[in-house]
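Heads up, the thing below is written out as structure tokens.
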Protein chains: 2
Amino acid sequence: MYTVSSLKAELNERGWRLTPQRETILQIFQNLPKGQHLSAEDLHILLQEEGEAISLSTIYRNLKLMSRMGILRELELAEGHKHYEINQPSPYHHHHLICVRCNKTIEFKNDSILKMGAKTAQKEGYHLLDCQLTIHAICPSCQRSLLPV
Amino acid sequence: MYTVSSLKAELNERGWRLTPQRETILQIFQNLPKGQHLSAEDLHILLQEEGEAISLSTIYRNLKLMSRMGILRELELAEGHKHYEINQPSPYHHHHLICVRCNKTIEFKNDSILKMGAKTAQKEGYHLLDCQLTIHAICPSCQRSLLPV
DNA sequence: TACTTATTGAGAATAATCATTAAGAAGCCG
DNA sequence: CGGCTTCTTAATGATTATTCTCAATAAGTA
Ligand SMILES: [Mn+2]
Ligand SMILES: [Mn+2]
Ligand SMILES: [Zn+2]
Ligand SMILES: [Zn+2]
């Protein structure tokens, strides 16, 4: 599992710095209950409630940065804004099935997808940061409700 | 001088449309006193005052569009936001000398710059949209005031 | 007149700016 | 070797600017 010191190492390697804000954000995501995802706004409010407020600017900046570093995954759920979760390696790596009506999200695993992603990236000489299958769909419950569109 | 019908022609040629908003924006810039430049916000307020309000979204979208079409010029003055003016051909084509302290802006002409720009673009096979020399400086009056930085 | 689809407007999300702060590197002793 | 002081410059936070989204509208065209 990703530690604060490995974050520091990776940052420093690129001439960047470990800040309390980055450390806090990493820890929030590491301690996030399985299956939960946070938007920038969610994170902002959560931090305020915990009395560790970080500015929205900094949150946006670091969510993007940590996604590009491959530490977080940027998820396109069905709410009109991005969500994030920690990017975990193989045994925990998973994909998302999202109900576009009620936003209920199910995480599922599939090793062959990850393998294929890794192989494809490698074949092209790309450095893999994340590989996620996102399925937008309508859940059984919303199907039953028969509401138009 | 650019007319509404030539704007319509150029738009339609690309599958785009002439809207009242675009027409209004063009006319505002055409009637703008020589040497005046408008920011998105300036334009928004100006239109509100004239009772022809156009949404800020639409203003931003069209300022960018019309700049890319070569109808407007996007100016990097010294105020932290973009300004725009109509993009006029040769005899009216000009450049800008801006005081970064008081924002006083002087327009000046220089045919050789335009010629060089045109030649350079042509040599590389580029289609010239605009060619502007922007000079950021400190005006005599601000020099005299001797204020630090 | 009907039809397709670009455009608009409202609101939300995200990015940019800039002065201020503070990591991390480097130099200096003890 | 450590701690302390400097120094450079990345990062933050507050604010502002700009972009994105989506449902509703309307331009151009058949
Ligand atoms: Mn959400
Ligand atoms: Mn201005
Ligand atoms: Zn559902
Ligand atoms: Zn001046």
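Worth knowing before you read on, the calculation uses all heavy atoms, side chains too, and leaves out hydrogens, waters and symmetry mates. Chain naming here is simple, since letters A, B, ... match the order of the sequence lines and numbering starts at 1 in each.
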Rounded to whole angstrom units, what separation is found between the NE2 atom of His83(A) and the C1' atom of dT14(C)?
-> 15 Å
Taking the side chain from Gln132(A) and the backbone from Glu74(A), do they hold a donor-acceptor pair closer than 3.5 Å?
-> yes
Is the backbone of Ile138(B) close enough, under 3.5 Å, to the side chain of Gln143(B) for a donor and an acceptor to pair up by distance?
-> yes
For atom CG of Leu7(B) and atom P of dA6(C), their distance in whole Å = 17 Å
For Ile54(A) and dT12(D), what is the distance between atoms CD1 and P respectively, to the nearest whole Å?
-> 8 Å
Thr58(B) and Arg61(B): side-chain hydrogen bond (donor to acceptor under 3.5 Å, both in side chains), yes or no, with the steps?
-> CA-CA 5 Å; Thr58(B) 298; Arg61(B) 251 187 314 240; 3.2 Å; yes
Glu23(A) CD - dA22(C) P separation (whole Å) | 16 Å
In B/S/- notation (B base, S sugar-phosphate only, - none; protein heavy atoms under 4.0 Å), nucleotides 25-30 of chain D written 5' to 3' is -BBS--
Any donor-acceptor pair under 3.5 Å from His93(A) side chain to Cys131(A) backbone | yes
Could you check how far CZ of Arg14(A) sits from C1' of dA23(C), rounded to whole Å?
-> 18 Å
Exam field: side chain Asn87(B) to backbone Gly70(B), donor-acceptor pair closer than 3.5 Å | yes
Within this structure, what is the CZ-to-C1' distance between Arg68(A) and dT14(C), rounded to whole angstrom?
-> 12 Å
Point-to-point distance, once rounded to the nearest 0.5 Å, from OG of Ser67(A) to CG of Leu75(A) | 8.5 Å
From the options His83(B), Glu107(B), Lys82(B), select the one residue that forms a side chain to side chain donor-acceptor pair (under 3.5 Å) with His37(B).
-> Glu107(B)
Rounded to the nearest 0.5 Å, what's the gap from CG on Asp42(B) to CD on Gln36(B)? Could you check?
-> 8.5 Å
Should Gln21(A) be listed as having a side-chain N or O under 4.0 Å from OP1 or OP2 of dG13(D)?
-> yes
Leu65(B) CG - dT7(C) P separation (whole Å) | 7 Å
Rounded to the Å, how far apart are Leu63(A) CG and dT12(D) C1'?
-> 15 Å
Does Arg22(B) reach the main-chain N or O of Arg17(B) with its side chain, forming a donor-acceptor pair under 3.5 Å?
-> yes
Using a 4.0 Å heavy-atom cut-off, write out nucleotides 14-22 of chain D from 5' to 3' as B (base contacted by protein), S (sugar-phosphate only) or - (no contact).
-> BB-SBBBB-
